[in-house]
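Next up is a structure, given as structure tokens.
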Protein chains: 4
Amino acid sequence: MEPFSQNEPIYRQIMDRLCRAVVRGNLVPGERLPSVREMAVEFGVNPNTISRVYQELERLGVTETRRGQGCFLTDAERIATLRRELSRRAIDRLLTEMAAMGFSREEILRSVSDHLFGGDNP
Amino acid sequence: MEPFSQNEPIYRQIMDRLCRAVVRGNLVPGERLPSVREMAVEFGVNPNTISRVYQELERLGVTETRRGQGCFLTDAERIATLRRELSRRAIDRLLTEMAAMGFSREEILRSVSDHLFGGDNP
Amino acid sequence: MEPFSQNEPIYRQIMDRLCRAVVRGNLVPGERLPSVREMAVEFGVNPNTISRVYQELERLGVTETRRGQGCFLTDAERIATLRRELSRRAIDRLLTEMAAMGFSREEILRSVSDHLFGGDNP
Amino acid sequence: MEPFSQNEPIYRQIMDRLCRAVVRGNLVPGERLPSVREMAVEFGVNPNTISRVYQELERLGVTETRRGQGCFLTDAERIATLRRELSRRAIDRLLTEMAAMGFSREEILRSVSDHLFGGDNP
DNA sequence: GTGGTCTAGACCACT
DNA sequence: GTGGTCTAGACCACA
């Protein structure tokens, strides 16, 4: 597992990883997530940090916590929405940054294409 | 001027704006930047915050501070390098995120293209 | 504890002292350093000054700051590298200065040897 | 000519260079130094900076300024003293630093010797 | 508890 | 005029 960056809060990095796992389909809708303690061990962090992660995920509508039973993924539909939303944000972010740096639309598309399908050091 | 986000340190937001301005060509290589105090007024922040910005920019090789004279942009070559570096990072970031969400290369390129040239939020 | 010189910034003097303590082996690799506030009391300076010290040490690769936990020394290997690097710089500096003053290699070596093992100020 | 470092005041860097030139014998005792303006042009700095240099050199007893005639080097004896003094300080400094880093006298001498007479990357 | 950021205001050295 | 440093004190996010 990749180590955590120091520039971003750990809880947010874990959130991102979980969201991506969900959206990628590694975790199926309705599935029960590991307990806070298990997750804390797995990531090698303080359980409080995982608690924070689960709180935020619930706030985002990705999971729902059932008292005494654990933390469960929501239904497939919300996850599909999440997937669309996350990708939209990521792309918007890139386009905004590149535009602020003075790249034209054509340049942006070409750069992305080069990075995707070009050589090792495109 | 846009207000500052609260999620990211102000000095970093100012850094980003200046970097983009430089890379976009709004600031000419070798040019003297506004003094710390002027910049502080312009951005409505404390001069110490701008000081931090200038220090970090110098550490990045974007500017060069000359004692008692001010803060100057580096040469065109380093700025060109910066431009390439910043765009590379932004694109890498997007591709990493999208891949982690399970998007294929083709899907990524199509999504970017759609955002750029299609839809209501191009 | 020795008082601070006025010719050099305090944060740099503290950096130097810490680096030497590390390199001397007084501080063990991986060990947690005193908190910013503790260190500030110990050195009789403002916590912000220590903050600056820790930031610079991290930039040098001497320490690693973990969010909410504190500032930790890096591994033994990097510290060994630091030791070599610092001594190399100090010696290079001397040799450059002495050469610029017109001392031959033999004279330099003899002078150093005299200072080390001869005279009243060895 | 080497460019100036940004970490140390320019006037001090120029002082050091001049002192070394004097001590090396490039400038002969009693000789008249270039005028402030000439020196300023030569070093590409503000004349005020050279004025400061000459003030400090006079304070050190390296030069003496004769009204309307210019700035002259002192006699050979004082220069010989200066030479001894500067080399002593430089060596003391090295030994102090190395000792603070935990190097023994033998290690110091060996390191210096290696740097002087060893390979390209000693 | 930890470090990080920001402000206000001061003083200083340098050019 | 310039940037650099330091203090005092505040607030915040993180673990």
Side-chain angles (χ1 to χ4, degrees), chain A residues 4 6-14 40 43-53 55-56, chain B residues 4 6-14 32-40 43-58 63-72, chain C residues 4-14 32-40 43-58 63-72, chain D residues 4 6-15 40 43-53 55-56:
Chain A
F4 293 112
Q6 354 184 20
N7 303 322
E8 208 181 354
I10 292 179
Y11 85 89
R12 182 170 292 274
Q13 295 180 56
I14 295 178
F43 280 114
V45 300
N46 192 302
N48 291 334
T49 305
I50 302 296
S51 285
R52 175 80 186 265
V53 170
Q55 281 173 30
E56 299 286 336
Chain B
F4 292 114
Q6 342 182 24
N7 302 324
E8 207 181 355
I10 294 178
Y11 81 88
R12 189 172 292 276
Q13 296 180 53
I14 295 178
R32 182 175 168 281
L33 293 178
S35 79
V36 167
R37 294 156 173 92
E38 287 168 354
M39 200 73 116
F43 280 113
V45 299
N46 189 289
N48 286 332
T49 304
I50 301 295
S51 235
R52 174 90 187 258
V53 170
Y54 278 1
Q55 279 173 31
E56 300 282 345
L57 287 180
E58 181 160 21
T63 62
E64 187 182 345
T65 296
R66 301 183 204 144
R67 316 176 64 95
Q69 298 187 248
C71 186
F72 297 79
Chain C
F4 291 114
S5 148
Q6 343 182 25
N7 303 324
E8 208 180 357
I10 294 179
Y11 82 89
R12 188 173 293 274
Q13 296 180 53
I14 296 179
R32 184 177 166 281
L33 293 178
S35 80
V36 167
R37 293 157 174 89
E38 288 168 354
M39 199 71 116
F43 280 113
V45 299
N46 189 288
N48 286 333
T49 305
I50 302 295
S51 235
R52 173 88 188 258
V53 169
Y54 279 2
Q55 279 174 29
E56 300 282 346
L57 287 179
E58 182 160 22
T63 62
E64 188 181 345
T65 296
R66 300 183 204 144
R67 314 175 65 93
Q69 297 188 249
C71 186
F72 297 80
Chain D
F4 293 112
Q6 354 184 19
N7 302 322
E8 207 180 354
I10 292 180
Y11 85 88
R12 183 172 292 276
Q13 296 180 53
I14 294 178
M15 270 182 66
F43 280 113
V45 300
N46 192 301
N48 291 334
T49 304
I50 302 295
S51 285
R52 176 78 187 266
V53 170
Q55 280 173 32
E56 299 286 336

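FYI, side chains are in, hydrogens and waters are out, and symmetry mates aren't considered; it's all heavy atoms of this structure. Just so we're on the same page: letters track the sequence lines, and every chain starts at 1. These figures come from a predicted structure and were not determined experimentally.
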With a 4.0 Å cut-off on heavy atoms, is Val45(B) in touch with a base, just the backbone sugar-phosphate, or nothing at all?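 If one applies the 4.0 Å heavy-atom cut-off, Val45(B) turns out to touch the sugar-phosphate alone, with no base involved.
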Verify the contact: side-chain N or O of Thr49(B) to OP1 or OP2 of dC6(E), cut-off strictly under 4.0 Å; return yes or no.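 So the side-chain polar atoms of Thr49(B) never come under 4.0 Å of the phosphate oxygens OP1 or OP2 of dC6(E).
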Residue pair Phe43(B), Ile10(B): steps toward the side chain to side chain contact (heavy atoms under 4.5 Å, CB included) verdict: CA-CA 10 Å; Phe43(B) 280 113; Ile10(B) 294 178; over 6 Å; no
5'-most contact on DNA chain E: Asn46(B) or Gly68(C), nearest heavy atom basis?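 Whichever sits nearer the 5' end wins; that is Gly68(C).
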Remember a base hit wins even if backbone is also touched, and classify Arg32(C) as base, sugar-phosphate or nothing at under 4.0 Å, heavy atoms.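 Arg32(C): backbone/sugar contact only, no base atoms under 4.0 Å.
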Using the side chain to side chain donor-acceptor pair (under 3.5 Å) rule, take Thr63(C) and Glu58(C) through it: C-alpha gap first, then chi angles, then the decisive distance, then the call. CA-CA 5 Å; Thr63(C) 62; Glu58(C) 182 160 22; 5.4 Å; no
Give Arg66(B) one of three labels, base, sugar-phosphate or nothing, depending on what nucleic acid heavy atoms sit under 4.0 Å from its own.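 Touches nothing.
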What is the distance, rounded to the nearest whole Å, between atom CD1 of Ile10(C) and atom P of dC11(E)?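 Rounded to the whole Å, the gap is 16 Å.
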Applying the Watson-Crick and G-U wobble criteria at under 3.5 Å, what pairs with dC14(E)? Answer none if nothing qualifies. dG1(F)
Closer than 4.0 Å, any side-chain N/O of Arg52(B) to the OP1 or OP2 of dC6(E)? no
When the nearest nucleotide of DNA chain F is assigned to Glu58(B) and to Glu8(A) on a heavy-atom basis, which residue is associated with the more 5' position?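 The residue mapped nearer the 5' terminus is Glu58(B).
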Euclidean distance, atom CD1 of residue Ile14(B) to atom C1' of dT7(E) [Å, nearest integer]: 13 Å
Looking only at non-hydrogen atoms, find the nearest pair between Glu8(B) and Gln13(B) and report the distance. O-NE2, 2.6 Å
Residues Val53(C) and Tyr11(C): closest non-hydrogen pair is CG2-O, 3.4 Å
dT2(F) phosphate, OP1 or OP2: any side-chain N/O from Ser35(B) under 4.0 angstrom? yes
Above 12 or not: heavy atoms from other molecules or residues under 6.0 Å from CZ of Arg12(D)? no
Atom CE of Met15(D) and atom P of dT15(E) are separated, to the nearest Å, by 13 Å
For atom CD1 of Ile50(A) and atom P of dA15(F), their distance in whole Å: 10 Å
Nearest-angstrom distance from the residue atom CG of Asn7(B) to P of dC14(F):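 Taking atom P of dC14(F) as the reference, CG of Asn7(B) is at 9 Å.
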Are OP1 or OP2 of dT2(F) and a side-chain N or O of Arg67(B) less than 4.0 angstrom apart? no
Euclidean distance, atom CZ of residue Phe72(C) to atom P of dT2(E) [Å, nearest integer]: 11 Å
How many whole angstroms separate atom CE of Met39(C) from atom P of dC6(F)?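 To the nearest whole Å, that distance equals 15 Å.
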Tyr11(A) side-chain N/O to dA15(F) phosphate OP1/OP2 under 4.0 Å: no
Whether Arg32(C) side chain and Gly70(C) backbone form a donor-acceptor pair below 3.5 Å: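 Not a single qualifying donor-acceptor pair exists.
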For Asn48(B) and for Gln69(C), find the nucleotide of DNA chain E with the closest heavy atom, then tell me which residue's nucleotide is more 5'.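 Between the two, 5'-proximity favours Gln69(C).
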Over how many whole Å does the gap from Gln13(A) atom CD to dA15(F) atom C1' extend? 13 Å
Phosphate OP1/OP2 of dG4(F): any Ser51(B) side-chain N/O under 4.0 Å: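 Yes, within the criterion.
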